[in-house]
There are 2 protein chains.
Amino acid sequence: MTAPSIGNLADLARIAGVSTSTVSRALADSPLISEKTRTRIAELAREHGFQLNQVARNLRLGRTQAIAVVLPLGDESAQHVSDPFIMTLLGFLADALTERGYDLLLTRIVPADDKWLDRLTISGRVDGVIVIGQSDQRAVLDRTAARYLPLVVWGEAGIGQKHCAIGTDNREGGRLATAHLLGLGRRRIAFLGNPAAPEIGARHAGYLAALAGAGVTAEPSLLLPLQLGSEAAFGLTRDFLAAHPDIDGIVAASDVAAMGAIRALSEAGRAVPEAVAVIGYDDVPFAAHTTPPLTTIRQDLGKGAELLVAALFERMAGTATPSVAFAPELVLRASA
Amino acid sequence: MTAPSIGNLADLARIAGVSTSTVSRALADSPLISEKTRTRIAELAREHGFQLNQVARNLRLGRTQAIAVVLPLGDESAQHVSDPFIMTLLGFLADALTERGYDLLLTRIVPADDKWLDRLTISGRVDGVIVIGQSDQRAVLDRTAARYLPLVVWGEAGIGQKHCAIGTDNREGGRLATAHLLGLGRRRIAFLGNPAAPEIGARHAGYLAALAGAGVTAEPSLLLPLQLGSEAAFGLTRDFLAAHPDIDGIVAASDVAAMGAIRALSEAGRAVPEAVAVIGYDDVPFAAHTTPPLTTIRQDLGKGAELLVAALFERMAGTATPSVAFAPELVLRASA
DNA sequence: GCGTTTTCTGCAATCGATTGCAAAATTGAT
DNA sequence: ATCAATTTTGCAATCGATTGCAGAAAACGC
């Protein structure tokens, strides 16, 4: 049986026959402590399985060593998001933060009022905040950003926006996707997604730009306004196909939406990609495993998480970092 | 412009012209404080946007009001899991904990030694721990559970196991899945998954039991030992089909695996479900959107999260709760 | 108006660490 | 052996809250 575990630093000090100051310094490798006592105390600590109380430590040091990651469940999101895209980003964030010795406090918020972010920032529970997705909360984000520096947001950097947003260049992504279909000779290309959401709006703008660039007139009727996070892509596409049997391409705003569309096409007897080419967005983990595997626009979330965390730490150190939009890339598989 | 925000309770006390005790009590709705001063102080607090420092509060109260949710990345898991199943459970856990006023500390751990769990439990950062998946860490879990009560694990309740595991009845799930295929008249049914992992082993046992019950002899060669979390289902199934063209059903250990198998079948020109019926496991969010939509065994993760959290809170209160395995259910869609 | 209850408020200790400053112990020089 | 210089240790304040106990104020009875 190993020695009983010790509650706090004072207990350990008593056992070692020294003051708490000495123990604290020894454990912190302070040069004020002789090598002899340092090793003796370190040995005792290990022996008794002692660890500092992080809460007390952080209180004294005026920090928390924790970062809040917020998933706001606003207009666009259903009650229970489990969007694989968001979850993948979350995983990368967890890694990036852990690597830097920070804890990740996961918070899902249904924004009832416009104070949810303030509550979080002044509660003293975290040293910084990462918000995943702007949802319909841009105003709240802007207001808080004016007063609270260590805040970064995954999303689209809009004009006149006050908060630091990091994400991929959605306009470019939409353009890439559409240009790819155009390059395949497709001309009647539908857009599946709701442009009201900031990111999707930008992708739609890219879609329009690509069409214009190829001399194809965009038809408003080829827009399928799918709620983000909704699972209605299948039904929406099925009904749409009845009215527009002549389309030959679909630019989907997410891989999940693309999957729904593919199923609708498949059930309507339209081959993918022969009859209708479908391109997704995100390149989520399962995109390579659908039938057929999805051609899609990849957002490198490993890189995204790195950028988010890097910007956040700069901000925690006092520098107001600018927004970033990095380039997405086309991933060729079989659906287009 | 609103009044400048106040740093701490003492500042607010100064402004109100009372002691910190009074402010603290007023904010806590203590009956020791007169209605008059209580409302006056509450008003001041709102006006100045004051909030208690939670770290200090929790230190004083000897708690953290936070729960660690651990994703151990052991043998079976790739470096970056983003298994939709786990992520869905995580979402529900976040809701269940938030509802009870607790924070969720997300921790991904690659178990390098056998002390990772001890480090977490004695760091004082959390009031309890939920581990998602036993991975290859059963020994560590058992050892810690002997000493640290507020610990619950999502997973299979094995015999002789010391820790509290909560999950679905995997044996029953495997049986259900297999029985369904048998009911469809299928006889040459393959199992796609690695029985070495506890949960999968149980599902495989159920598979064998169902075969035996129907008088079908199980063939060891019909086992496709897919690493859990791996993305190799496609390749594995494709190669397997070459050697075993005669199968007419596949019981997959996860929906993700089922997707890979369906693609392999599709590319081999075998229709699903006509030629080969495929049944998945989990019923993850996208299972309804594959082509064809997956027939699968549903694990109700909302219920699972509720059970995990309920057990954890009982344990935090001092009661050693037993392991629980609740029933999974068959979800009929189109793949089998 | 005065003593007694009852109601309110404040002092000071506490949670478990860190750290500036002063005191003690050690070392070295003479 | 004595004293100065240096190294090592400890006292006590601090981070921002909560709370037992005692004292002040208010309410009450006579």
Side-chain angles (χ1 to χ4, degrees), chain A residues 5-42 44-45 48-66 101 103 119-127, chain B residues 5-42 44-45 48-66 101 103 119-127:
Chain A
S5 64
I6 253 39
N8 55 27
L9 194 148
D11 291 347
L12 185 53
R14 200 168 312 121
I15 291 182
V18 297
S19 73
T20 59
S21 329
T22 303
V23 175
S24 173
R25 293 199 177 100
L27 263 32
D29 282 334
S30 157
L32 286 180
I33 299 296
S34 68
E35 190 52 37
K36 199 179 317 172
T37 45
R38 187 217 308 301
T39 53
R40 189 168 63 88
I41 290 176
L44 275 173
H48 291 82
F50 174 73
Q51 259 208 249
L52 290 174
N53 180 313
Q54 296 298 325
V55 175
R57 176 161 212 266
N58 288 336
L59 171 61
R60 178 62 234 254
L61 297 178
R63 64 176 190 203
T64 66
Q65 210 70 358
D103 285 333
R119 270 196 293 272
L120 189 61
T121 56
I122 62 178
S123 69
R125 287 180 304 177
V126 294
D127 296 337
Chain B
S5 63
I6 252 42
N8 55 28
L9 193 147
D11 291 348
L12 185 52
R14 198 168 313 120
I15 290 182
V18 297
S19 73
T20 58
S21 330
T22 303
V23 175
S24 173
R25 293 200 177 98
L27 262 33
D29 283 332
S30 157
L32 286 179
I33 299 296
S34 68
E35 191 52 38
K36 200 180 315 172
T37 45
R38 187 216 310 300
T39 53
R40 188 167 63 86
I41 289 176
L44 275 173
H48 291 82
F50 174 73
Q51 257 207 251
L52 291 173
N53 179 314
Q54 296 298 326
V55 175
R57 176 161 212 266
N58 289 335
L59 170 61
R60 178 63 234 254
L61 297 178
R63 64 178 191 201
T64 66
Q65 210 71 356
D103 285 332
R119 271 196 293 273
L120 189 61
T121 55
I122 63 178
S123 70
R125 287 180 305 176
V126 294
D127 295 336

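Excluded from the calculations below are hydrogen atoms, water molecules and symmetry mates; all remaining heavy atoms, backbone and side chain alike, are included. We name chains A, B, ... by the order of the sequence lines, and we start the count at 1 in each one.
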D:dT9 phosphate, OP1 or OP2: any side-chain N/O from A:S21 under 4.0 angstrom? no

Just to confirm, is there a sub-4.0 Å distance from OP1 or OP2 of C:dT18 to any side-chain nitrogen or oxygen of A:S24? yes

side-chain contact (heavy atoms from CB on, under 4.5 Å) evaluation trace for B:D11 with B:F50: CA-CA 10 Å; B:D11 291 348; B:F50 174 73; over 6 Å; no

For B:D11 and D:dC15, give me the distance from atom CG to atom P, rounded to whole Å. 11 Å

Nucleotide D:dC15, atom P - distance to CZ of A:R63 in whole Å: 17 Å

Quick check on D:dT9: is either OP1 or OP2 less than 4.0 Å from any side-chain nitrogen or oxygen of A:T37? yes

Both B:G62 and A:L32 contact DNA chain C. Which one's nearest nucleotide lies toward the 5' end? B:G62

Taking the side chain of B:L59 as its heavy atoms from C-beta onward, which of D:dG16, D:dT18, D:dG10 lies nearest to it? D:dG16

How many Å lie between CG on B:N58 and C1' on C:dA17, as a whole number? 15 Å

For D:dG16, take OP1 and OP2 only and decide whether either is under 4.0 Å from a side-chain N or O of B:N53. no

On the nucleotide D:dA17, are OP1 or OP2 found under 4.0 Å from the side-chain N or O atoms that B:T20 carries? no

Within this structure, what is the CG-to-P distance between A:L12 and D:dG10, rounded to whole angstrom? 13 Å

Looking at D:dT19, C:dA17, D:dC11, which one has an atom nearest to any side-chain atom of A:S19? D:dC11

With a 4.0 Å cutoff (strictly under), does any side-chain N or O of B:S34 reach OP1 or OP2 of C:dT9? yes

Considering every strand and a 4.0 Å limit on heavy-atom distances, what is the contact class for A:V18: base, sugar-phosphate, or nothing? sugar-phosphate

B:N58-B:T64 side chain donor-acceptor pair, cut-off 3.5 Å: no

Roughly how many Å is it from CZ in B:R125 to C1' in C:dG16, rounded to a whole number? 16 Å

Side-chain N or O of A:R25 versus OP1/OP2 of C:dT19: is the shortest distance under 4.0 Å? no

Establish, from distance only, whether the side-chain atoms of A:T37 and A:S34 form a donor-acceptor pair under 3.5 Å. yes

Polar side-chain atom of A:D127 near backbone of A:Q65 as donor-acceptor pair, under 3.5 Å: yes

Send over the distance from A:K36 NZ to D:dT9 P, rounded to a whole Å. 8 Å

Please pick, from D:dA13, D:dA17, C:dG10, the nucleotide with the shortest atom-to-atom distance to any side-chain atom of B:T22. C:dG10

Under 3.5 Å, is there a donor-acceptor pair between the side chain of B:T22 and the main chain of B:V18? no

For A:Q65 and D:dC15, what is the distance between atoms CD and P respectively, to the nearest whole Å? 20 Å

Separation of B:L27 atom CG from D:dT18 atom C1', in whole Å? 12 Å

